[in-house]
Colleague: 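What follows is a single structure, and I will ask about it in a moment.
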Amino acid sequence: MINKEVNSIEDAIKGVDNKMTFMLGGFGLCGIPENAIKALSESGINGLTCISNNAGVDDFGLGLLLHKKQIKKMISSYVGENAEFERQMLSGELEVDLIPQGSLAERCRAGGAGIPAFFTPAGYGTEVAEGKEVREFNGQPHILESALEADFAFVKAWKGDTAGNLIYKGTARNFNPMMAMAGKITVAEVEHLFPAGELDPASIHTPGIFVQRIFQGKDYEKRIEQRTVRTKE
Amino acid sequence: MINKEVNSIEDAIKGVDNKMTFMLGGFGLCGIPENAIKALSESGINGLTCISNNAGVDDFGLGLLLHKKQIKKMISSYVGENAEFERQMLSGELEVDLIPQGSLAERCRAGGAGIPAFFTPAGYGTEVAEGKEVREFNGQPHILESALEADFAFVKAWKGDTAGNLIYKGTARNFNPMMAMAGKITVAEVEHLFPAGELDPASIHTPGIFVQRIFQGKDYEKRIEQRTVRTKE
Amino acid sequence: MALDKIGIAKRIAQELKDGYYVNLGIGIPTLVANYIPEGINVEFQSENGVLGMGPFPFEGEEDADLINAGKQTITTLEGAVFFDSATSFSMIRGKHVQLTVLGAMEVSEQGDIANWKIPGKMVKGMGGAMDLVASADNIIVAMMHTNKRGESKLLKKCSLPLTGVACVKKIVTNLAVLEVVAKGFKLLERAPGVTLEDIQNATEGKLIIEGDIPEMVL
Amino acid sequence: MALDKIGIAKRIAQELKDGYYVNLGIGIPTLVANYIPEGINVEFQSENGVLGMGPFPFEGEEDADLINAGKQTITTLEGAVFFDSATSFSMIRGKHVQLTVLGAMEVSEQGDIANWKIPGKMVKGMGGAMDLVASADNIIVAMMHTNKRGESKLLKKCSLPLTGVACVKKIVTNLAVLEVVAKGFKLLERAPGVTLEDIQNATEGKLIIEGDIPEMVL
């Protein structure tokens with residue numbers, strides 16, 4: 001077994017630097033790598049390109065990095081929850097590349113899977129298609145999208161083992177598995193870290209081969225953006 | 001919950017016809033849809049195109065259909081275990097399209113995922129690349145491969161539920177999940193069928209949305225091709 | 001009388017067919033799940049990675065790891081399954097989801113839709129909408145017939161950046177049910193008490209009225 | 001004395017580095033797993049869908065649902081994981097597997113390899129070999145230096161249909177260890193007791209001999 005465990009957050013983010021490209025898992029605030037984001041925020045590095053479906057909220061998630069202006073460019077599909085983000089974008093301080101959510105997921109997977117490019121119908125006839133090759137398949141126009149890769153991918157799982165195998169909970173899975181595949185160095189933080197051999201080999205979502213470093217995170221806030229409930233009748 | 005259960009093998013294969021294209025899961029004899037293959041063999045339909053990583057052995061798996069000359073064309077990656085196959089191929093009775101295993105898997109996934117084509121380095125400079133578009137990415141030549149789809153996909157899982165959700169055992173997973181995605185009608189046979197709600201939603205390998213019909217198979221032989229063992233010292 | 005949001009959701013719910021997998025967008029579309037016709041089994045897919053979505057949780061039972069694409073806390077039903085975003089959009093792009101219901105800022109008589117950006121003012125992003133509209137065979141737009149300034153949202157041509165082209169099949173508004181056909185918006189039904197004139201006045205694009213137009217039955 | 005298959009496997013095992021994920025082909029390559037150097041942790045990937053492959057099972061403990069790419073019954077080690085074929089080749093194509101060891105019928109001095117077809121005679125198929133050789137940065141060929149008719153398998157140019165072009169980095173045969181460089185096969189080591197002349201006679205492609213060529217240490 002190849003041991004991927006690191007013992008501190010410092011070791012986990014070792015090697016991160018200005019101007020690097022990062023992928024960060026999560027959908028909204030669900031399944032985001034809270035510990036890594038906090039450490040990156042405290043590291044003070046800047047000029048970053050961040051690939052993440054969303055950009056957090058003003059005071060949490062990637063909002064922490066935005067607030068300190070560490071991010072030069074965001075690659076996302078939806079950024080509607082973040083006023084500071086919108087301000088920086090409309091003022092031109094922040095470069096933003098908005099990508100259809102399915103294309104974003106597939107481009108990350110492609111990056112990890114050695115597929116340099118693929119055709120998808122998403123975005124044909126829109127701004128997203130500008131400058132991209134268009135080709136018809138079965139009478140329907142498609143555009144050519146390219147793979148995304150990152151210097152570091154930061155992902156968050158529920159359970160993990162020292163071999164780097166990951167299991168996500170509920171919808172906290174989202175982009176984490178594809179980003180884990182696409183990072184040159186993938187750093188996984190988990191709520192519960194087990195010795196290798198304790199997780200069911202058939203129930204693992206991210207095989208350890210995609211993970212270079214793993215650690216047990218702490219103090220998870222796991223904020224809820226839209227608390228919607230019903231009352232018992 | 002949308003109920004996918006059918007109560008007989010006849011209902012399971014209803015609609016199969018001459019000259020159709022089928023996908024069949026399995027790697028060697030591991031994870032093959034034994035019940036469906038037997039029923040297809042007995043149905044007498046012919047002129048079939050079968051997409052399957054392997055072609056069974058002489059008297060089992062797809063060998064049953066080959067023996068009765070029901071297959072017009074095989075699309076596979078490796079067919080080395082089957083003398084009748086080799087005879088039909090070298091004599092020209094059987095058309096054969098050999099595809100790199102990774103491209104075969106990815107082409108099935110693409111068919112199910114609405115990706116009509118993608119670039120891969122596999123096969124560049126070989127017979128496989130003949131007639132295909134070549135393009136360089138990062139200085140390395142890649143070829144354009146297209147999606148595969150099928151009129152029916154026959155897959156085999158270990159556990160399933162009436163919503164069509166599937167869980168595979170060990171390496172019997174192999175091509176089954178991608179083929180389940182790529183079948184216009186996907187027929188799943190399982191060793192154990194449960195009511196919906198009994199399987200862990202986080203541990204399902206094939207979501208039920210990809211499965212149109214499910215039934216509990218019987219009399220599984222699960223033959224082993226290469227029984228390799230060591231002796232206790 | 002024009003419909004409210006719940007009325008629109010109720011009318012769209014009538015479009016559900018037994019065995020459908022359905023993706024509901026944020027806003028009015030989300031409400032559709034509350035009005036599934038009797039005897040119809042459908043499953044709701046949320047593109048963030050769940051199939052078999054149930055109602056909101058009871059108070060105190062919310063789980064931060066269990067949300068829908070609108071970031072709302074949810075529950076799951078029997079037979080539910082979780083998956084990653086790439087698998088989720090494989091379901092969508094691969095046409096395994098039979099019906100998509102989403103909101104719009106504008107729809108054109110060609111079936112184009114705009115719902116993700118107002119240049120210089122608002123850029124929330126397209127989220128999964130571009131994938132959904134480019135792939136689904138069956139797309140219903142749920143929206144008010146006019147915007148807050150009283151301007152028609154059913155146009156000859158969209159003025160905002162597009163989300164997708166020639167993709168919208170049906171539109172359910174507070175005033176009417178319309179089908180997008182080759183020559184324009186074909187009026188299928190009126191909201192109760194709404195006149196043809198009301199609808200015509202609120203529709204900038206070409207409105208096609210053939211024969212008697214029945215009132216919706218809700 | 002020329003090496004036997006076990007000797008070739010032992011020599012290749014010396015190429016394993018700590019932390020490597022390794023894919024071993026059918027035949028001699030499979031034997032490499034038996035000779036992992038002390039203190040080195042590696043994991044074996046089999047392209048049919050398992051990482052963390054262990055030794056063959058004890059008699060009576062074989063599981064038909066647990067095989068390697070050679071269709072042999074296997075076991076798994078702690079930390080093992082199962083996955084589907086698309087994920088498996090994502091690992092391979094995406095260069096997550098650091099070393100591939102496979103057999104060959106022919107290798108050319110350009111690093112081309114042929115191992116899947118003899119026109120008109122034998123067509124077993126390429127299996128996963130084309131994906132493996134097109135993607136891996138580090139490919140070692142394990143084979144006999146000559147074929148059954150005594151003809152060299154290290155050629156100026158392959159005569160058989162190719163599996164991949166310019167991909168082989170290193171070759172370990174019963175006679176020698178060779179590196180594929182710009183100008184030909186660079187001889188790195190001799191099998192114990194094998195002379196330079198023996199190797200030269202068995203090599204049709206350009207053999208590059210620079211300085212003293214040490215004997216292998218097994």
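The model shown is predicted, which means the values in this text are computed figures rather than measured ones. First the proteins, then the strands, lettered A, B, ... as listed; each starts at 1.
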Colleague: Can you say whether D:Ala129 sits under 4.5 Å from chain B via the side chain, the backbone, both, or neither, judging by heavy atoms?
Modeller: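 Neither the backbone nor the side chain of D:Ala129 comes within 4.5 Å of chain B.
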Colleague: How many angstroms lie between CD in B:Gln226 and CD in D:Glu62, if you round to the nearest 0.5 Å?
Modeller: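 Taking CD in B:Gln226 and CD in D:Glu62, the distance rounds to 13.0 Å.
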Colleague: Quick one: does B:Leu98's side chain get under 4.5 Å of D:Trp116's, heavy atoms only?
Modeller: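 Yes - at least one pair of side-chain heavy atoms lies under 4.5 Å apart.
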Colleague: Between B:Glu191 and chain D, which part of the residue has a heavy atom less than 4.5 Å away: side chain, backbone, both or neither?
Modeller: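 When you check distances to chain D, only side chain atoms of B:Glu191 fall under 4.5 Å.
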Colleague: With the side chain counted from C-beta on, respond yes when D:Met130 and B:Tyr124 share a heavy-atom pair under 4.5 Å apart, and no when they do not.
Modeller: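 Answer no - side chains too far apart.
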Colleague: Below 4.5 Å from any heavy atom of chain B, which atoms of D:Lys121 appear? Answer side chain, backbone, both or neither.
Modeller: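 Contact with chain B: backbone only.
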Colleague: Under a 4.5 Å cutoff for heavy-atom pairs, which residue among D:Gly127, D:Ala64, D:Ala86 has the most contacts with chain B?
Modeller: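 Most heavy-atom pairs under 4.5 Å with chain B: D:Gly127.
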Colleague: Does any heavy atom of chain D fall under 4.5 Å from the side chain of B:Leu104, the backbone, both, or neither of them?
Modeller: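 Contact with chain D involves no heavy atom of B:Leu104 at all.
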Colleague: Answer yes or no: is there an ion pair linking B:Arg109 with D:Asp84, defined by an N-O contact shorter than 4.0 Å?
Modeller: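 Answer for the salt bridge query: no.
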Colleague: In the structure I gave you, are the side-chain heavy atoms of B:Asn54 and D:Lys71 within less than 4.5 Å of one another anywhere?
Modeller: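 Touching, per the 4.5 Å side-chain cut-off.
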Colleague: Taking the side chain as every heavy atom from C-beta outward, state whether B:Glu106 and D:Asp131 have any atom pair closer than 4.5 Å.
Modeller: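 When only atoms from C-beta onward are counted, D:Asp131 and B:Glu106 do not touch, as no gap falls below 4.5 Å.
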Colleague: Taking all heavy atoms of D:Ala134 and all of B:Gly123, pick out the closest pair and write down the distance.
Modeller: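 Taking D:Ala134 first and B:Gly123 second, the nearest heavy atoms are CB-N, 4.5 Å.
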Colleague: Of all the heavy-atom pairs spanning B:Thr126 and D:Thr163, show the shortest one and how long it is.
Modeller: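 Closest pair (atom of B:Thr126, atom of D:Thr163, distance): CG2-O, 3.4 Å.
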Colleague: Using every non-hydrogen atom in the two residues, find where D:Val165 and B:Gly125 come nearest and quote the distance to one decimal.
Modeller: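 Closest heavy-atom pair between D:Val165 and B:Gly125: CG1-O, 3.9 Å.
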Colleague: Tell me whether B:Gln101 contacts the main-chain N or O of D:Ser85 through its side chain, where contact means a donor paired with an acceptor under 3.5 Å.
Modeller: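 Flag not set: sc B:Gln101 to bb D:Ser85 has no pair under 3.5 Å.
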Colleague: Do the side chain of D:Thr73 and the main chain of B:Thr228 share a donor and acceptor less than 3.5 angstrom apart?
Modeller: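 Answer holds: yes.
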Colleague: Does atom NZ (B:Lys38) have a neighbourhood of more than 12 heavy atoms from anything else shown, all under 6.0 Å?
Modeller: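 No, the 6.0 Å shell around NZ holds no more than 12 heavy atoms from other groups.
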Colleague: Under 6.0 Å from the NZ atom of D:Lys206, do we count more than 12 heavy atoms belonging to anything else shown?
Modeller: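 No, NZ of D:Lys206 has 12 or fewer neighbouring heavy atoms, counting only those of other groups under 6.0 Å.
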Colleague: Under 4.5 Å from any heavy atom of chain B, what part of D:Asn68 do you find: side chain, backbone, both or neither?
Modeller: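 For D:Asn68, backbone heavy atoms alone lie under 4.5 Å from chain B.
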Colleague: Which pair of heavy atoms, one from D:Phe82 and one from B:Arg173, lies closest together, and at what distance?
Modeller: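 Heavy atoms of D:Phe82 and B:Arg173 come nearest at O-NH2, 3.3 Å.
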Colleague: Nearest heavy-atom pair of B:Gly102 and D:Arg93: which atoms, and what distance?
Modeller: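 Heavy atoms only, the tightest pair is O-NH2, 3.4 Å.
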Colleague: Distance from D:Phe83 atom CZ to B:Thr171 atom OG1, nearest 0.5 Å?
Modeller: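 D:Phe83 CZ to B:Thr171 OG1: 10.0 Å, rounded to 0.5 Å.
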Colleague: Under a 4.5 Å heavy-atom cutoff, which of B:Ser76, B:Ala55, B:Ser103, B:Gly31 has the most pairs with chain D?
Modeller: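 Going by pairs under 4.5 Å, I would pick B:Ser103.
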Colleague: To the nearest 0.5 Å, what is the distance between CZ (B:Phe27) and OG (D:Ser46)?
Modeller: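 So the gap between those two atoms works out to 6.5 Å.
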Colleague: Would one find more than 12 heavy atoms of other residues, nucleotides or ligands at under 6.0 Å from atom NZ of D:Lys95?
Modeller: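 Correct, the count exceeds 12.
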Colleague: Counting only heavy atoms not in D:Asp18, do more than 12 fall under 6.0 Å of its CG?
Modeller: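 For D:Asp18, atom CG is crowded (more than 12 foreign heavy atoms under 6.0 Å).
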Colleague: Atom NZ of residue position D:Lys5 - does it have more than 12 heavy atoms of other residues, nucleotides or ligands inside 6.0 Å?
Modeller: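 No, the 6.0 Å shell around NZ holds no more than 12 heavy atoms from other groups.
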Colleague: Among B:Lys169, B:Lys222, B:Arg223, B:Gln140, single out the residue with the greatest number of heavy-atom pairs under 4.5 Å to chain D.
Modeller: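 Highest number of heavy-atom pairs under 4.5 Å: B:Lys169.
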Colleague: Quick check on the interface: out of D:Leu66, D:Val123, D:Val50, D:Ile92, who has the most heavy-atom pairs with chain B under 4.5 Å?
Modeller: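 Going by pairs under 4.5 Å, I would pick D:Val123.
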Colleague: Does NZ in D:Lys10 sit with more than 12 non-hydrogen atoms of other residues, nucleotides or ligands closer than 6.0 Å?
Modeller: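 12 or below, so no.
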Colleague: Mind checking the CD1-CD1 spacing from B:Ile224 to D:Ile67? Nearest 0.5 Å is all I need.
Modeller: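 These two atoms lie 9.0 Å from each other.
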Colleague: Is any side-chain heavy atom of D:Met126 less than 4.5 Å from a side-chain heavy atom of B:Tyr78?
Modeller: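 In short, these two side chains do not touch, never coming nearer than 4.5 Å.
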Colleague: With a cut-off of 6.0 Å (strictly less than), are more than 12 heavy atoms of other residues, nucleotides or ligands near CD of B:Glu133?
Modeller: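 Counting neighbours around CD of B:Glu133, more than 12 heavy atoms of other residues, nucleotides or ligands fall under 6.0 Å, so yes.
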Colleague: Of the listed residues (D:Gly128, D:Ala80, D:Gly164), which shares the most heavy-atom pairs with chain B below a 4.5 Å separation?
Modeller: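 It is D:Gly128.
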Colleague: Below 4.5 Å from any heavy atom of chain B, which atoms of D:Glu61 appear? Answer side chain, backbone, both or neither.
Modeller: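 Just the side chain, heavy atoms under 4.5 Å.
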